[in-house]
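The shown structure was predicted, so the numbers you read here are calculated from the model rather than taken from an experiment.
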Amino acid sequence: MRLTGLQIPNSTCIAKFATTVAGAGTAASASLVRPPRPRQVRISTPLSFRYIYHSLSPTLRTKKPLLGGYKILVCAEKSSTPVVQQYTFMGSSKEPQEYNSNLYPHIEPYSTGFLKVSDIHTLYWEQSGNPNGHPVVFLHGGPGAGTSASNRRFFDPEFYRIILLDQRGAGKSTPHACLVDNTTWDLIGDIEKLREHLGIPEWQVFGGSWGSTLALAYSQLHPDKVTGIILRGIFLLRKKELDWFYEGGAAAIFPDAWEPFRDFIPEEERDNFILAYNKRLNSDDLDVQAFARIENHYFINKGFLPSGSYILDNVDKIRHIRTVIVQGRYDVCCPMMSAWDLHKAWPEAEFKVIPDAGHSANEPGIAAALVAANEKFKNLIRSGAP
């Protein structure tokens, strides 16, 4: 089942999109559209969709199975918060399934360690959850942000073997904030070294923001080691994305934050803020220093990728891998244009737009969608689905 979401200002039924309009406290009628003879079904309960953080449960009942190629057209009247959705049922006779979307309780690691990956760098890693569970590796953002205890909460600890690592120079990895031999390709090599060190044949990959970039690049180089991918806040390190964030695009939304950032740099250097700040980065707070220095180091080198379209150009290498993309519509750090471009290049991946969310994985709607994606993968793995 593939989902596409957008919001409209009133409860209008738009037939040409074969869309679903749903809202609290409404009943709806629907038609299955498959020329030449659409069949009629009745939806007996109010509709709501957890992946956009509504509270009600959807129930869809039909007299005949929904077979490949059907689209559902639903018109709900008097909707207080109308939302347009498109459902395409591809070769399944099962009803839509809901998954747990609540973060799991805090847990502690059952093992931690440091792995020396080069003459210079040593990485911190940890494992939590089920030692015999399905392995999943969490790739943090930044670059340079490091991991935190809350990152473990997206995964069912009874099912998943949860692996977190701090990338070169970040978090507990040493040397702190070091930029020497610190590139995307070094990090991909480190992920492989950790997988081999832990004796894991293959694993699920989970990453958001810069972590989505790294997850995509790693999976494209090692698709045979990846059982599934969950991505959040897509960042492809293209020039237009860097320009949006650092060269004035986001200033249209946050002028109050932009002006002090801009005014710190002399006017004669304002043609390239990434370069200008590269000359000045320093902080007494070591964590801030690491995040700022490493992030700037990667951005000034355009992620060390061969071209701005590198990740989109290599989607074919991972097209077959089960994937969910979660994107906040109002993400100002990693605007939706990047997730949309990835979605168009990779329509096989499930694409979830959270209409009332921004960038953070901790926002309720995004957190719920990420947990639900892991739950979906869990159920598919348990059922033996390919």
Between the side chains of [X] and [Y], does any donor sit under 3.5 Å from an acceptor?
X    : Y    : answer
N182 : Q167 : no
H121 : S173 : no
Q127 : R161 : yes
S338 : R238 : yes
K376 : N379 : no
T147 : D166 : yes
Q220 : Y218 : no

Output the distance between atom NZ (K172) and atom CZ (F114), rounded to the nearest 0.5 Å.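 K172 NZ to F114 CZ: 7.0 Å, rounded to 0.5 Å.
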If I take atom OG from residue S111 and atom CD from residue E126, how far apart are they, to the nearest 0.5 angstrom?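 The CD atom of E126 is 8.5 Å from OG of S111, to the nearest 0.5 Å.
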Under the rule for side chain to side chain contact (heavy atoms under 4.5 Å, CB included), what residues qualify as partners of F304, not counting sequence neighbours?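 Partners of F304 under the side chain to side chain contact (heavy atoms under 4.5 Å, CB included) test: T183, T184, W185, H297, Y298, N301.
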Between [Y] and [X], is there a salt bridge with N-O shorter than 4.0 Å?
X    : Y    : result
R293 : E295 : no
E192 : K225 : no
K240 : D341 : yes

So do the side chains of [X] and [Y] get within less than 4.5 Å of each other, counting heavy atoms only?
X    : Y    : result
T213 : L236 : no
I162 : V137 : no
W125 : H197 : yes

Just by modelled atom types, is the [Y] backbone N or O under 3.5 Å from a matching donor or acceptor in the [X] side chain?
X    : Y    : value
N296 : A292 : no
T174 : H176 : no
K193 : V117 : yes

Do F206 and F155 have their ring centres less than 6.0 Å from each other?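 They qualify: ring centres under 6.0 Å apart.
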Is R322 close enough and on-axis enough to F377, meaning under 6.0 Å and within 45°, for cation-pi?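 Here R322 passes the 6.0 Å and 45° test against F377.
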Looking at every heavy atom in both E202 and V226, which two are closest together, and how far apart are they?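 Shortest heavy-atom separation between E202 and V226 comes out as CB-N, 4.5 Å.
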